[in-house]
Each structure stands twice: as structure tokens, then as C-alpha cells.
Amino acid sequence: MIFNQPLQQLISSHLDPELNGHSRCHPLYGYLPQNSSAPLFIKREDELNANVVGTKHRKYLSLLPALQHSGICHVILIGSAHSNNVLGLSQMLRSRNYAVTALVKSPGNRALNGNHLLLNMLLPSESIHYISHQAWPFVQQIAEEAAQRLNQEGTQTTVIPEGGYSEAVLPGILTLAGDLQLNSEQLQTEFTDIWTDSGTGVSAIGLLLGMRLLGMTQPRVHITQIAGTPEEFQQRYNQFEQWLETLMETPLPSQRPEVRFIRPATAASYGSINKTILRESWTIARETGLLMDPVYSVKHFYTVKHEMTLNPPSGPQLILYNGGTLGMSGFQSQLASQESIV
Ligand SMILES: *Cc1c(COP(=O)(O)O)cnc(C)c1O
């Protein structure tokens, strides 16, 4: 991986050198309003890893080496039955011979499809513990108690919080800003705006802190908040900022890019899918050649379209495709039922 010096020195020893940290950028044809004063580009974070969505892959770049160095052999994961993080990490960990237990929020629908099916293929049923909705607020505590028991029995165990929110992902999520700089040089294009999406916010926080570290005050960053609130995002940002200052052993430069939060233009509550999202999934596929996961990426692109139509941008625009096609698999029958209306 080629990174700008200060970033390289800080993080390279924390990253798995065998994992890919570079994704390409290319012009985006179709779907978003085309305008010669605002050329559109897409960053293909979906191509980082064929089996894991892009935002999660960057977290694992440093999480996996941290687990390896700590001598952990059993990992407890937390998430919904369709969590991209639980599915992604299960693959990365099982293929490295870690024992994995998943604490999964009981799904409303017990039918095995999408990520839930794939998770069951990866883990035997005794390794998947369904946690009721009533008990879900205590899931982190339940996981920590289970880890404590295993540790007492001599099995070195750790818990990865929901969405991978932990200090060990910090070097990995910082790679995005450096990789963006590389895209910008390769395309000889200075982006004026970046459009990304957020769930826990961890990946977008990595982008913002990485930009600060590199002294980048441009481009402006627009964040479609698929989950959470700006206040929750700010709290997590402050925590990662502290962890970064510990890693750097100096305060971060105070100059930072301008940030704007956007609510999803439709189906605003997290995980919800409506007819618009299903229709847009088809439209995006037909107009751009990209198969996108509905829960994050389609909602994000539809929201960006809405924003760009309201306020036509100027200057080169970069839209991040953070998800992946695999995220569509839980929605096949709903997507199929939309065929007649496209
Ligand atoms: C998890 C996820 C995100 C958001 O990443 P966070 O780091 O949680 O903000 C975006 N898109 C997809 C497809 C995801 O799985």
C-alpha cells in the first residue's frame, strides 16, 4: 500500500500487509444528474473484498492483526441476523481458525435467507445464540460475561462490539483518506465534495480523522446517516479522536473538512425498505451497471440524487459505494416482485 508519509508511518505496522487497502475510482454514468461542471465519480469500496462489504473490510485491516498479536483464539460477535459485520468477520475469523460465537438479535422472520442463511452455513447452530428483543439492550454485557467465563476456563476470548466499534479498527479506517488522495492523484482531479454513508459512523469518522491527519480541508464531506443521530456520531468521533491522539502521541491538527449530515430521502428508519428503495435498486442497476445492497447503498445513492437535484453541485463529485452486491441477497424475493413496475 502506498500512503502519504505521516499516515504511512503511523499505521503501516498495524495493518495486515496481505489484505487489499486500495479501491479504484471511475466516472459514474447514469442515475445521478449529469452536469459538465460537476463530473461524477464513484469509489468502488465494494471491490476491496469479494466476500465482505467495503466499510467492514477497512476495519479488519487492523482488527485482524490486533487479534493475532493478542493471542486471542475465541471471538464473540454481536449483531442482527443480517449484519454485514457479523457475516464478514465470521468468514475472516473462521478461515484463520478462530472459534467464533455470534450473539444475534432474534430476527422477526426465522426463514433462512440472505446474510442469515450464509451465517448459518458458516457457524454451527450451537455457536449462534439468539437474543430476544427484550434482552438486546444488555447484549454487550451478556457477551462480556460469556467471555469472562471462557477466559477463566483458559480460552483467550474477546468481544467485538456491534458494527466493529473498537479501538483496534482505528488504523484500518484511517486508510480511506490516504487511498482517496491516491485516487485523486491518479485521476488528476481535485474533488470538491465527497458523499458517503454511515451506520455506526466508524468508517466516516476514519475518513474525517484521516483527512485531518493529512491536513486535507477539502473536499467537503456529506454523510447520509442511515442509522444514528449527529449527536451519537459526534460522541464516537470524540472517542476515536482521543484514541488517535494516543496513537500519535501528539494533538491532531485542528483544521478539518466541512461536514454535513443528511437524513435518508426515503425509508428513514434504519433497516427499513420500501417500494421506492426496491424500485431504485432496479433503476440503479439498469442505469449504472451497479448491483447495490438496498439497506445502505441504494438508500444512500437515492438520497444523493435527491440532494443533487435540489442543489446542483459544482466541481468534481465523489460518491462512495461502501457496500456490496452480497448485501442484496436477503431481498431477492422483494426485488423480484418489483419487476413488473420497472
Ligand atoms: C456497516 C455498513 C456501512 C456503515 O459503516 P459504519 O462504519 O458502521 O458507519 C455502510 N454500508 C454498508 C453496506 C455497511 O455494511
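In listed order, ligands and their atoms are each counted from 1. Predicted, not measured: the structure shown is a model, and the values here were computed from it.
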Evaluate Arg212 against Glu241 for salt bridge (Lys or Arg N to Asp or Glu O under 4.0 Å), listing each step before the verdict. CA-CA 10 Å; Arg212 262 177 83 183; Glu241 183 181 41; 2.7 Å; yes

Show the numbers, then the answer: is there a side chain to side chain contact (heavy atoms under 4.5 Å, CB included) between Val221 and Arg260? CA-CA 6 Å; Val221 181; Arg260 186 168 75 97; over 6 Å; no

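Here the rule is side-chain hydrogen bond (donor to acceptor under 3.5 Å, both in side chains) with Asn322, and of Asp293, Thr196, Thr55 only Thr196 fits it.
For ligand 1, the polar-atom distance check against Ser297 finds no nitrogen or oxygen pair separated by under 3.5 Å. Considering both main-chain and side-chain atoms, Asp293 never comes within under 3.5 Å of ligand 1 through any nitrogen or oxygen pair. At a 3.5 angstrom cut-off on N or O pairs, Asn322 does not count as close to ligand 1. Of the polar atoms of Lys56, at least one N or O is found under 3.5 Å from an N or O of ligand 1, judged by distance alone. Any N or O atom pair closer than 3.5 Å counts here, and Ser198 shares no such pair with ligand 1.
In this structure, Lys105 fails the cation-pi test against Tyr130, since its NZ or CZ atom is not both closer than 6.0 Å to the six-membered ring centre and inside 45 degrees of the ring normal.
Between Tyr31 and Phe301, a ring centre-to-centre spacing not shorter than 6.0 Å is recorded.
Residue contacts with ligand 1 do not include His300, since none of its heavy atoms lies under 4.0 Å from the ligand. Residue contact annotation: Gly201 has a non-hydrogen atom under 4.0 Å from ligand 1.
Looking at Val202 against ligand 1, both its backbone and its side chain come within 4.0 Å, counting heavy atoms. Only the side chain of Val53 comes within 4.0 Å of ligand 1, judged by heavy-atom distances. Counting heavy atoms under 4.0 Å from ligand 1, residue Asp197 touches it through the side chain alone.
Checking Glu144 against Gln148 by side-chain atom types alone, no donor-acceptor pair falls below 3.5 Å.
Here the protein heavy atom with the shortest distance to atom 7 (O) of ligand 1 is Ser203 OG, 2.7 Å. The shortest contact between atom 10 (C) of ligand 1 and any protein heavy atom is with Tyr296 CD2, 3.3 Å. Looking only at heavy atoms of the protein, atom 8 (O) of ligand 1 is closest to Thr200 OG1, 2.6 Å. Here the protein heavy atom with the shortest distance to atom 13 (C) of ligand 1 is Gly323 CA, 3.3 Å. Scanning the protein heavy atoms around atom 4 (C) of ligand 1, the nearest turns out to be Gly199 N, 3.4 Å.
Classification of Asp179 and Arg58 as a salt-bridged pair holds, one side-chain N sitting under 4.0 Å from a carboxylate O.
Of all atoms in ligand 1, listed by their number and element, those nearer than 4.0 Å to a heavy atom of Asn84 are 13 (C), 14 (C), 15 (O). Close approach of ligand 1 to Lys59 is summarised as follows: ligand atoms under 4.0 Å from at least one heavy atom of the residue are 6 (P), 7 (O), 8 (O).
Atom CG of Leu119 is separated from atom CD1 of Ile128 by 4.0 Å, given to the nearest 0.5 angstrom.
Ring-plane geometry between Phe240 and Tyr165 is classed as perpendicular, the angle between the planes exceeding 60 degrees on a 0 to 90 degree scale with a lower cut at 30. Between His306 and Tyr302, the ring planes lie tilted relative to each other; the angle falls in the 30° to 60° range.
Other residues, nucleotides and ligands contribute only 12 or fewer heavy atoms inside 6.0 Å of the CD atom of Glu190.
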